[in-house]
Participant: 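Below: one structure in structure tokens.
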Amino acid sequence: MDWLTTVDHKKIAILYLLAGGLFFGIGGIEAVLIRLQLIKPMNDFVSAQTFNELITMHGTTMIFLGVMPVIFALMNAVIPLQIGARDVAFPFLNSLGFWTFLFGGLLLNLSWIMGGAPDAGWTAYTPLSSTTYSPNHGVDFYTVGLQIAGLGTLIGGINFLATIITMRAPGMSFMRMPMFTWTSFITSAMILFAFPAVTVGLVLLSFDRILGANFFEVAGGGSPVLWQHIFWIFGHPEVYILILPAFGVISEVIPTFSRKRLFGYSSMVFATILIAFLGFMVWAHHMFTTGLGPVANALFSIATMLIAVPTGIKIFNWLFTMWGGQIRFTSPNLFAIGFIPTFVMGGVTGVMLASAPADYQFHDTYFVVAHFHYVIVGALVSGLLSGLHYWWPKMFGRMLNETLGKLSFWFFIIGFHMTFFVQHFLGLMGMQRRVFTYLPNQQFDTLNLVSTIGAILMGTGVLIFLINAFVTAAKPKGVADDPWEDGRTLEWTIPSPPPEYNFKQIPLVRGIDALWKEKMAGNKSMTPAEPLGPIHMPSPTILPFVMSVGIFIAGLGFMFSKEQFSNSFMSFIFNNWIVVIIGLVITFGSMLLRSLYDDHGWHIEVEELEEEGVKA
Amino acid sequence: MMKRWQAVKRLLPMLAVFSLLLAGCGREDLSALRPQGPVAEGQYDLMKLAITIMIFVVAVVFAIAVYVLIKFRRKKGQTEVPEQVEGNFKLEIIWTVIPLILVFILAVPTVQKIFAFGDDHYNEKGSVQVKVTSHLYWWEFEYPQYGVKTAQELMIPTGKNIAFELKTADVLHSFWVPSLSGKMDTNPDGTINRFSFSTNKEGVYRGKCAELCGPSHGLMEFKVKAVSPDSFDKWVAAMKAPAVLPKDQALAETFKKSCLSCHAVGDQGGPAAPDLTGIGSRESVAGILLNEGQDGGKPVKENLKTWLEDPQAVKPGNKMPAPKDLGLTDEQIDGIADYLANYKLDY
Ligand code: HEM
Ligand SMILES: [Cu+2]
């Protein structure tokens, strides 16, 4: 119950982590099934239809429901601490964001048991995703589920923007912010601009499917290419939304374990902003073969290649952060170091893809599959695992086991390269992507086998991490405030796990890497920026949960509004929009309650704070 | 300018080595790394240039990384604090400018080729026009200059420019023959895409659908058969000859009734399904059941029977009704398979 009503950013972080773990697990199982089907030519392990459902759900789950919440988990756990704040700007919205996200994700995955998952690919290109060619409810689960989950993401993004803009501790100017906070800030800004696009797209597509509109129906004057534009105007920035926080993690972990400040901090900030900007300018490089014409192709080719420049700046800055430092090979740092070459390889294939005439060959082949997995698995997931190992003691008050951590790193990285490196060649040799099987004797057989074995190794690596988490959970709490001993930023100045209010007194920030600066000045702790006083806390509330349940019910009702059930009562309540109305009443009712009932929260008094201080 | 040339010179030997390595990859009739025509060759050149630049970048980064990781690991008892370096303006400028130069080296030929491949040769004298229409899950090829239409096997003369006009009858597909050229989408909304390729080498090339289009997307393959211009003319003539029907009158009636409602042979039948004229001399049945002569291929008749006995088992989700459901007996199916297997064209 405590967990359903919490508005504490640290608990919401843990909720995001659990939800992310759940969906990541589902997406991972789907991936292994896909690779098992492709282990040999003409395999009949799953049917063609099931295969298409698997790839669709795997892609959708991983992008929207797998890595996104883990990123939000880290952001929630770390950002308020890094900027010296007591919580996020809107704790109520934070909780609402999580619950809408979770219920959206659950709705999408309900499709597996309610007859037919979406099967038109995670890009859901029309007309394949229209009711004519995808007549079951699969794609409806996709449009409605993602819509609800996307709402949560948008809420989260806005919340972090407000938090970072308004709640930084005294002295922490923008150019003194830790890199992870910076990249999260830019990511949130990108969410703010990118998610409305997909929201509009999903609304239009569900209108086409459920209400018979004609936005993408050629017969009714609609345009399928319009869907591609809308999708990628969102979809391309989305991959940068995902990768930027990972850049942030790496920029925290590498300096800590090199005992050096980040090389070229201001160029890092500048590069991040440039990447975000260019990320919005290049969406049509997913559409070179659509026939946009040479001028558009040339412009988008060059714009895309330019992203290599700020990305290159980052890579070299990381390498030169380590230069002259004292590198420790802890498990978080192993993942961070593994990130660099892997990301470089994903990046260079990206530049190759940007060359449109060459992309006519690469597009929609396993070369592309290899490229984006290098970026979003090899780099992004490495980055997240690095961050999780790094901040685990802060979040849970327990150190993850280092031996298991290193073991999982080696399984993960070796399995990863085995799985995806060979796929570059499969693509160049003529294997299209999204095929449920392939004919023998095309020289695809061995490479596919290698790839599948790699996937199993990689899965083992992730399992070892899970085991590590469970083993650790059984141990008693109690690690130092600064367990890695070389912490540089504010989160390492308070107990692990932090008390509800984070900072007893908001610290005064006197430079980049605030804690490190104090350490070098010989101080044991931060100088407070305020006298000890009562701390105002927001009250827990169940309303966000109830509101999300309402949206979930309304979503289901909307999806099935045309359905003829065998049970006439069911048909009656669905066809007359009664279910939708019930759902909306629940949601809007809760909103009304929230605005009518004035909740002032509560205070932690000074005596209490002092008492706890004695305990610690 | 000097700098750029030095960079290019340094890249050249690498380029040579990698083209040798890559050329070993894949089948001649299928791999984008073994181009068999000028368009694919142009694309391959670009790929080689890109790969060379990229391997150069990866090598530099790896070298620095390995050096750093070995040299600057923390040694036992090391406690002094390393110097906290803020950055280095010169170095940072260097690694902004070098990528810019590398991008420039790749961008110039990229833009050149975009415009070169974007040229429309459709109405040029000497081009062979082909209208490609994609269907769930088969390919239709129409030759408007010759008034013939065929399916699953694109017949082309060597040495001539084949100019395509692409559209689809249902969902998005993408037309791709890796060893001859990159792919191009077939759009449903009336935006007709055009492009062209050619080859000087006779042979059979494998083509694929590259855009997810439903359950049998992976099986939506076709063949491109390049023959001498003489053979091509003979083929056109043979295609235009009157239809040959089964000798057995009863069988001919069944065939007309059950099959020609959708399919066509010669001047008879309809356009809803693949044209079957001369199917006995094609390289495959349904694009994926390889006939004798192709690796691991079976006799044509056997493949036809496999298809006719259960089309769904061969290509899940395809739009052809099972002949058994149309009321055909095993005997009739065998008869039709025999007839189609022997329906060969002389060219
Ligand atoms: C007993 C009568 C029929 C025979 C002998 C027959 C034969 C064939 C053959 C040999 C193919 C493979 C074509 C190729 O390799 O190019 C084929 C494909 C096809 N047939 Fe038929 N067919 C018959 C009836 C029909 C009917 C009545 C329809 C329409 C409702 C139809 C629709 C199709 C379609 C759509 C395909 C393409 C399947 C794909 O490759 O995706 N067929 N048929
Ligand atoms: Cu297709």
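Labels below follow one simple rule: chain letters A, B, ... track the order of the sequence lines, proteins then strands, and each chain is numbered from 1.
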Participant: In terms of heavy-atom pairs under 4.5 Å with chain B, which of A:Q432, A:M429, A:Q361 leads?
Facilitator: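 Option with the top pair count is A:Q361.
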Participant: What part of B:D170 lies closer than 4.5 angstrom to a heavy atom of chain A: side chain, backbone, both or neither?
Facilitator: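 For B:D170, the contact with chain A is made by backbone and side chain together.
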Participant: Among A:S223, A:G312, A:A219, A:P224, who wins on heavy-atom pairs under 4.5 Å with chain B?
Facilitator: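 Heavy-atom pair counts peak at A:P224.
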Participant: By a 4.5 Å heavy-atom criterion (distance strictly below it), what part of B:Q78 contacts chain A: side chain, backbone, both, or neither?
Facilitator: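 Answer is both: backbone and side chain atoms of B:Q78 are under 4.5 Å from chain A.
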Participant: Please find out if less than 6.0 Å separates the ring center of A:W323 from that of B:Y67.
Facilitator: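 Between B:Y67 and A:W323, which both carry aromatic rings, the centre distance is below 6.0 Å.
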Participant: Test A:D486 against B:R74 for salt bridge (charged side-chain N to carboxylate O under 4.0 Å, His left out), laying out the working first.
Facilitator: CA-CA 13 Å; A:D486 288 321; B:R74 184 157 174 183; 3.2 Å; yes
Participant: Which bit of A:S301 comes within less than 4.5 Å of chain B, counting heavy atoms only: side chain, backbone, both or neither?
Facilitator: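 A:S301 touches chain B through side-chain heavy atoms alone.
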Participant: At a heavy-atom distance under 4.5 Å, which candidate from A:R433, A:R261, A:Q49 has the highest pair count against chain B?
Facilitator: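 Ranked by heavy-atom pairs under 4.5 Å with chain B, first place is A:R261.
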Participant: Under 4.5 Å heavy-atom distance to chain B, tell me which part of A:S258 shows up: side chain, backbone, both or neither.
Facilitator: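 A:S258 touches chain B through backbone heavy atoms alone.
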Participant: Go through the atoms of A:F316 and report whether side chain, backbone, both or neither lie under 4.5 Å from a heavy atom of chain B.
Facilitator: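 Both parts, heavy atoms under 4.5 Å.
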Participant: Where do A:Q326 and B:E80 come nearest, in terms of heavy atoms and distance?
Facilitator: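 Closest heavy-atom pair between A:Q326 and B:E80: NE2-O, 2.7 Å.
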Participant: Non-hydrogen atoms of chain B under 4.5 Å away: do they reach the side chain of A:N297, the backbone, both or neither?
Facilitator: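 Contact with chain B involves both backbone and side-chain atoms of A:N297.
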Participant: Using 0.5 Å steps for rounding, measure from the NE2 atom of B:H217 to the CZ atom of A:F51.
Facilitator: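 It comes to 9.5 Å.
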Participant: Quick check on A:I337 against chain B: is it the side chain, the backbone, both or neither that has a heavy atom closer than 4.5 Å?
Facilitator: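 For A:I337, side-chain heavy atoms alone lie under 4.5 Å from chain B.
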Participant: With a 4.5 angstrom heavy-atom cut-off, is it the side chain or the backbone of A:L439 that approaches chain B, or both, or neither?
Facilitator: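 Side chain only.
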Participant: Which region of B:D29, side chain (C-beta onward) or backbone (N, CA, C, O), has a non-hydrogen atom less than 4.5 Å from a non-hydrogen atom of chain A, or is it both or neither?
Facilitator: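 B:D29 has no heavy atom closer than 4.5 Å to chain A.
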Participant: With only heavy atoms counted, which part of A:Q442 is less than 4.5 Å from chain B, the side chain, the backbone, both or neither?
Facilitator: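 Looking at A:Q442, backbone and side chain both touch chain B.
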Participant: Check each atom of A:L319 against the heavy atoms of chain B and say whether the ones under 4.5 Å are side chain, backbone, both or neither.
Facilitator: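 For A:L319, the contact with chain B is made by backbone and side chain together.
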Participant: With a 4.5 angstrom heavy-atom cut-off, is it the side chain or the backbone of B:N193 that approaches chain A, or both, or neither?
Facilitator: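 Interface part for B:N193: side chain.
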Participant: Please examine the side chains of B:P316 and A:F436, heavy atoms only from C-beta on, and report whether any two atoms are closer than 4.5 Å.
Facilitator: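 Yes - at least one pair of side-chain heavy atoms lies under 4.5 Å apart.
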Participant: Which bit of A:M287 comes within less than 4.5 Å of chain B, counting heavy atoms only: side chain, backbone, both or neither?
Facilitator: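 When you check distances to chain B, no heavy atom of A:M287 falls under 4.5 Å.
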Participant: Non-hydrogen atoms of chain B under 4.5 Å away: do they reach the side chain of A:E485, the backbone, both or neither?
Facilitator: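 Neither part.
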Participant: Which bit of A:F257 is near chain B, if near means a heavy-atom gap under 4.5 Å: side chain, backbone, both or neither?
Facilitator: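 Interface part for A:F257: neither.
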Participant: I'd like to know which of A:V351, A:T289, A:V435, A:D359 tops the heavy-atom pair count under 4.5 Å against chain B.
Facilitator: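 When all of A:V351, A:T289, A:V435, A:D359 are compared, A:T289 has the most.
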Participant: Against chain B, label A:L128 side chain, backbone, both or neither, depending on which of its atoms sit under 4.5 Å from a heavy atom there.
Facilitator: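 Both backbone and side chain.
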Participant: Check B:E92 against A:S267 and note the closest heavy-atom contact, atom names and distance.
Facilitator: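 For B:E92 and A:S267, the tightest heavy-atom pair comes out as OE1-OG, 2.7 Å.
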Participant: Check whether B:R206 gets within reach of chain A through its side chain, its backbone, both or neither, counting any heavy atom under 4.5 Å.
Facilitator: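 Only the side chain of B:R206 comes within 4.5 Å of chain A.
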Participant: Non-hydrogen atoms of chain A under 4.5 Å away: do they reach the side chain of B:S181, the backbone, both or neither?
Facilitator: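 When you check distances to chain A, only backbone atoms of B:S181 fall under 4.5 Å.
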Participant: For A:H371, which residues count as a ring-ring contact (aromatic ring centres under 6.0 Å, His included) partner, sequence neighbours excluded?
Facilitator: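 With neighbours one apart ignored, the set is empty.
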Participant: Could you work out, with ring-ring contact (aromatic ring centres under 6.0 Å, His included) as the rule, every residue matching A:F270, not counting sequence neighbours?
Facilitator: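 ring-ring contact (aromatic ring centres under 6.0 Å, His included) list for A:F270, sorted by chain: empty.
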Participant: So what's closer than 4.5 Å to chain B heavy atoms on A:T365: side chain, backbone, both or neither?
Facilitator: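 When you check distances to chain B, only side chain atoms of A:T365 fall under 4.5 Å.
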Participant: Answer with yes or no whether the side chains of B:Q84 and A:R259 bring together a donor and an acceptor at under 3.5 Å.
Facilitator: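 No, B:Q84 and A:R259 have no side-chain donor paired with an acceptor closer than 3.5 Å.
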Participant: Which one wins on heavy-atom pair count under 4.5 Å against chain A: B:P215, B:A50, B:G118?
Facilitator: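 Heavy-atom pairs under 4.5 Å are most numerous for B:P215.
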Participant: Non-hydrogen atoms of chain A under 4.5 Å away: do they reach the side chain of B:L219, the backbone, both or neither?
Facilitator: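 The answer is the side chain of B:L219.
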Participant: Below 4.5 Å from any heavy atom of chain A, which atoms of B:W95 appear? Answer side chain, backbone, both or neither.
Facilitator: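 Contact with chain A: backbone and side chain both.
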Participant: Pick from B:G317, B:A116, B:G214: which one has the most heavy-atom pairs with chain A under 4.5 Å?
Facilitator: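 Highest number of heavy-atom pairs under 4.5 Å: B:G214.
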Participant: Is it the case that atom CD in B:E86 sees more than 12 heavy atoms from other parts of the structure closer than 6.0 Å?
Facilitator: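 Counting neighbours around CD of B:E86, 12 or fewer heavy atoms of other residues, nucleotides or ligands fall under 6.0 Å, so no.
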Participant: Between A:W516 and chain B, which part of the residue has a heavy atom less than 4.5 Å away: side chain, backbone, both or neither?
Facilitator: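 For A:W516, side-chain heavy atoms alone lie under 4.5 Å from chain B.
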Participant: Check each atom of B:F89 against the heavy atoms of chain A and say whether the ones under 4.5 Å are side chain, backbone, both or neither.
Facilitator: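 For B:F89, there is no contact with chain A at all, as no heavy atom is under 4.5 Å.
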Participant: What I'd like to find out is whether the side chain of A:M345 reaches to under 4.5 Å of the side chain of B:F62, using heavy atoms alone.
Facilitator: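 Answer yes - side chains close enough.
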Participant: In terms of heavy-atom pairs under 4.5 Å, which option from B:V39, B:V111, B:D295 contacts chain A the most?
Facilitator: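 Max contact count across the listed options: B:D295.
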Participant: Can you tell me how far CG of B:L69 sits from CD1 of A:I340, rounded to the nearest 0.5 angstrom?
Facilitator: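 It comes to 8.0 Å.
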Participant: Looking only at heavy atoms, what is the nearest atom pair of A:L428 and B:S31, with distance?
Facilitator: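 Looking at all heavy atoms of both residues, the shortest contact is O-OG, 3.5 Å.
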Participant: Could you check if a side-chain atom of B:V171 sits within less than 4.5 angstrom of a side-chain atom of A:Y125, using non-hydrogen atoms only?
Facilitator: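 No - every pair of side-chain heavy atoms lies 4.5 Å or more apart.
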Participant: Report which part of B:E221 has an atom under 4.5 Å of a heavy atom belonging to chain A: side chain, backbone, both, or neither.
Facilitator: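 Contact with chain A is through the side chain of B:E221 alone.
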Participant: Please examine the side chains of A:Y360 and B:M184, heavy atoms only from C-beta on, and report whether any two atoms are closer than 4.5 Å.
Facilitator: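 No. Closest side-chain heavy atoms not under 4.5 Å.
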Participant: Please determine, among A:A298, A:A358, A:A356, the option with the most heavy-atom pairs under 4.5 Å with chain B.
Facilitator: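 Among the listed options, the one with the most contacts to chain B is A:A298.
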Participant: What residue in B:L46, B:L290, B:V103, B:L212 has the most heavy-atom pairs under 4.5 Å with chain A?
Facilitator: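 If we count pairs closer than 4.5 Å to chain A, B:L212 comes out on top.
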Participant: Search all heavy atoms of B:T110 against all heavy atoms of A:S355 and return the closest pair with its distance.
Facilitator: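 Looking at all heavy atoms of both residues, the closest pair is OG1-OG, 2.9 Å.
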Participant: If you count heavy-atom pairs under 4.5 Å with chain B, which of A:L426, A:V295, A:N317 comes out on top?
Facilitator: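 Heavy-atom pair counts peak at A:N317.
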Participant: Find out whether B:M47 and A:F362 are in side-chain contact, i.e. whether some heavy atom of one side chain is under 4.5 Å from a heavy atom of the other.
Facilitator: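 Yes. Closest side-chain heavy atoms under 4.5 Å.
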Participant: Would you check if the side chain of A:K260 reaches a backbone N or O of B:V85 as a donor-acceptor pair within less than 3.5 Å?
Facilitator: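 Flag not set: sc A:K260 to bb B:V85 has no pair under 3.5 Å.
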Participant: Who wins among B:G296, B:S216, B:C213 for the most heavy-atom pairs under 4.5 Å with chain A?
Facilitator: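 Counting heavy-atom pairs under 4.5 Å, the top option is B:C213.
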